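Here's the structure, in structure tokens; my notes come after.
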Amino acid sequence: MRVVTLLPSATEIVYALGVEPVGVSHECDYPPAASEQPSVNRSRVDPTAASGEINEQVAAAEDDGVYAIERETLAALDPDLIVTQGVCDVCAVDHVVVEDAVVELGLDAEVLTLDVHTLDDLFESIQHIGDVLGRGERANELVGDLRSRVAAVETTAARAESTPSVAVLDWTEPVMVAGHWVPEMVTTAGGEYGLESAGAHSRPREWDEIRAYDPERLIVSPCGFDLAQIRENLADLTERPGWAELSAVRNGHVTLVDGHHYVNRSGPRLVDTLEFLGWAIHPALFDRPPRDAVSELEAVQH
């Protein structure tokens with residue numbers, strides 16, 4: 001079966017099931033072999049810009065959409081299956097855009113839309129893709145392994161003597177509090193997530209809300225940013241009034257997590273993210289994550 005995957009998480013799932021896609025999105029870079037496949041879409045936004053500039057570019061692209069399909073490439077690949085998403089039209093190509101392209105090009109392709117908001121949604125998506133690809137048994141094994149790791153995190157977190165308050169930011173200008181699968185994962189990892197409910201969409205928040213909540217653990221993981229880009233944009237937070245007075249900042253519990261590969265990518269490595277969150281919330285109980293994925297800021301001294 002000829003498969004095109006139009007979001008990084010779907011690409012990771014398909015590779016994990018033992019199938020190599022014939023085309024991917026411009027952001028697909030894991031596993032490394034994905035980078036060698038033809039890109040079937042392009043972005044109208046510069047991902048290397050500052051967070052505030054990206055936000056303005058996204059707003060300016062609202063009428064035409066953030067992403068465009070490379071129709072000639074898609075037609076030449078002639079896929080049997082196209083995997084896209086319906087979670088966020090800023091994060092990846094929306095399924096409506098894909099379906100319109102399939103009709104216009106006269107392709108005989110099934111469009112499979114992922115709509116992941118929880119860990120269970122992820123596991124169900126893996127199983128569904130596995131069934132469609134004829135890799136149901138491999139999907140069962142993969143999901144079983146991921147569920148075992150989730151259970152291990154939950155068991156470890158249950159040994160904690162406290163439940164720290166946690167905020168996860170998936171954008172910094174404007175400030176956005178992470179929703180979707182993040183509240184559930186924070187709770188599973190032994191934290192209290194009081195700013196958003198499980199499965200809810202991420203949305204902009206007033207900085208005063210963050211200050212009033214005063215999290216004991218602050219995790220900064222802007223969507224699409226690796227650690228270097230997060231640090232380049234840290235002034236979005238550190239120059240805000242009251243930053244130095246936040247409990248997490250004063251006590252050295254500010255953690256940067258690669259949002260491009262982990263927190264905001266709803267593929268199998270979302271369980272890696274869960275393990276990283278366990279360490280950020282309860283560092284004495286969990287192993288330290290790889291330094292190319294997670295970094296911490298020093299406490300602000302008074």
Side-chain angles (χ1 to χ4, degrees), residues 1-51 53-116 125-126 128-129 132-133 135 171 222-226 229 258-262 264-269:
M1 180 178 288
R2 297 177 61 80
V3 183
V4 164
T5 52
L6 290 179
L7 67 160
S9 58
T11 298
E12 293 191 25
I13 291 171
V14 169
Y15 270 104
L17 294 175
V19 174
E20 183 175 77
V22 297
V24 298
S25 83
H26 69 293
E27 289 186 313
C28 292
D29 55 9
Y30 188 87
S35 301
E36 302 173 5
Q37 302 301 337
S39 295
V40 187
N41 73 309
R42 56 185 169 83
S43 175
R44 296 186 173 97
V45 171
D46 176 9
T48 66
S51 55
E53 294 173 4
I54 291 175
N55 191 65
E56 292 174 359
Q57 291 178 32
V58 168
E62 184 175 358
D63 290 340
D64 295 327
V66 174
Y67 301 98
I69 298 291
E70 300 286 9
R71 281 168 162 71
E72 289 186 7
T73 303
L74 183 60
L77 292 174
D78 191 23
D80 303 300
L81 176 69
I82 303 172
V83 186
T84 184
Q85 60 89 42
V87 176
C88 174
D89 58 8
V90 175
C91 298
V93 186
D94 185 81
H95 67 101
V96 175
V97 175
V98 178
E99 290 165 356
D100 288 346
V102 168
V103 171
E104 290 176 17
L105 294 171
L107 298 176
D108 183 19
E110 176 185 354
V111 177
L112 194 163
T113 302
L114 304 184
D115 195 19
V116 176
S125 293
I126 293 172
H128 185 39
I129 293 174
V132 171
L133 295 178
R135 300 297 177 101
W171 203 247
C223 186
F225 283 15
D226 61 14
Q229 199 168 4
D258 182 336
H260 175 59
H261 282 105
Y262 296 100
N264 303 292
R265 188 179 291 197
S266 56
R269 289 191 295 167

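In this text, all values refer to a predicted model and were calculated from it rather than measured experimentally.
Within the 4.5 Å cutoff, the side chain of Ser39 has no heavy atoms near those of the Thr73 side chain. In this structure the side chain of Leu133 reaches within 4.5 angstrom of the side chain of Leu81, judged on heavy atoms. At a threshold of 4.5 Å between non-hydrogen side-chain atoms, the residues Gln37 and Glu20 count as touching. Taking 4.5 Å as the limit, some side-chain heavy atom of Arg135 sits within range of a side-chain heavy atom of Val19. Taking 4.5 Å as the limit, every side-chain heavy atom of Ser25 sits out of range of all side-chain heavy atoms of Leu7.
In terms of heavy-atom proximity, Val24 sits nearest to Ala34 at CG2-O, 3.6 Å. Taking each heavy atom of Gly224 and Gln229 in turn, the nearest pair found is O-OE1, 4.0 Å. Cys223 and Trp171 get closest at one heavy-atom pair: O-CZ3, 3.4 Å. Counting all heavy atoms, side chain and backbone alike, Val111 lies closest to Glu99 at CG1-CG, 4.1 Å. For the pair Ser9 and Pro268, the tightest heavy-atom approach, listed with the atom from each and the gap, is O-CD, 4.4 Å.
The salt bridge (Lys or Arg N to Asp or Glu O under 4.0 Å) search around Asp78 returns none, not counting sequence neighbours. Residues passing the side chain to side chain donor-acceptor pair (under 3.5 Å) test with Asp29, sequence neighbours excluded: His260, His261, Arg265. The salt bridge (Lys or Arg N to Asp or Glu O under 4.0 Å) check on Arg269 picks up Glu12, with sequence neighbours excluded. Checked against side-chain contact (heavy atoms from CB on, under 4.5 Å), Val22 has the following partners two or more places apart in sequence or in another chain: Arg2, Val4, Leu77.
Residue pairs satisfying the side chain to side chain donor-acceptor pair (under 3.5 Å) criterion with at least one member in residues 101-112, sequence neighbours excluded, are listed as follows: Arg71-Glu104.
Going from atom CG of Leu6 over to atom OG1 of Thr11 covers 8.0 Å, rounded to the nearest 0.5 Å. One finds the CG atom of Asn264 at 9.0 Å from the CG atom of Asp258 (value rounded to the nearest 0.5 Å). Once rounded to the nearest 0.5 Å, the distance linking OG of Ser125 with CG of Asp115 reads 8.0 Å. The line from CD1 of Ile13 to CG of Leu114 is 6.0 Å long, rounded to the nearest 0.5 Å. From Thr84, atom OG1 reaches atom CD1 of Ile69 across 7.0 Å, with rounding to the nearest 0.5 Å.
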key: Stepwise side-chain contact (heavy atoms from CB on, under 4.5 Å) test for Val132 and Val83   = CA-CA 11 Å; Val132 171; Val83 186; over 6 Å; no
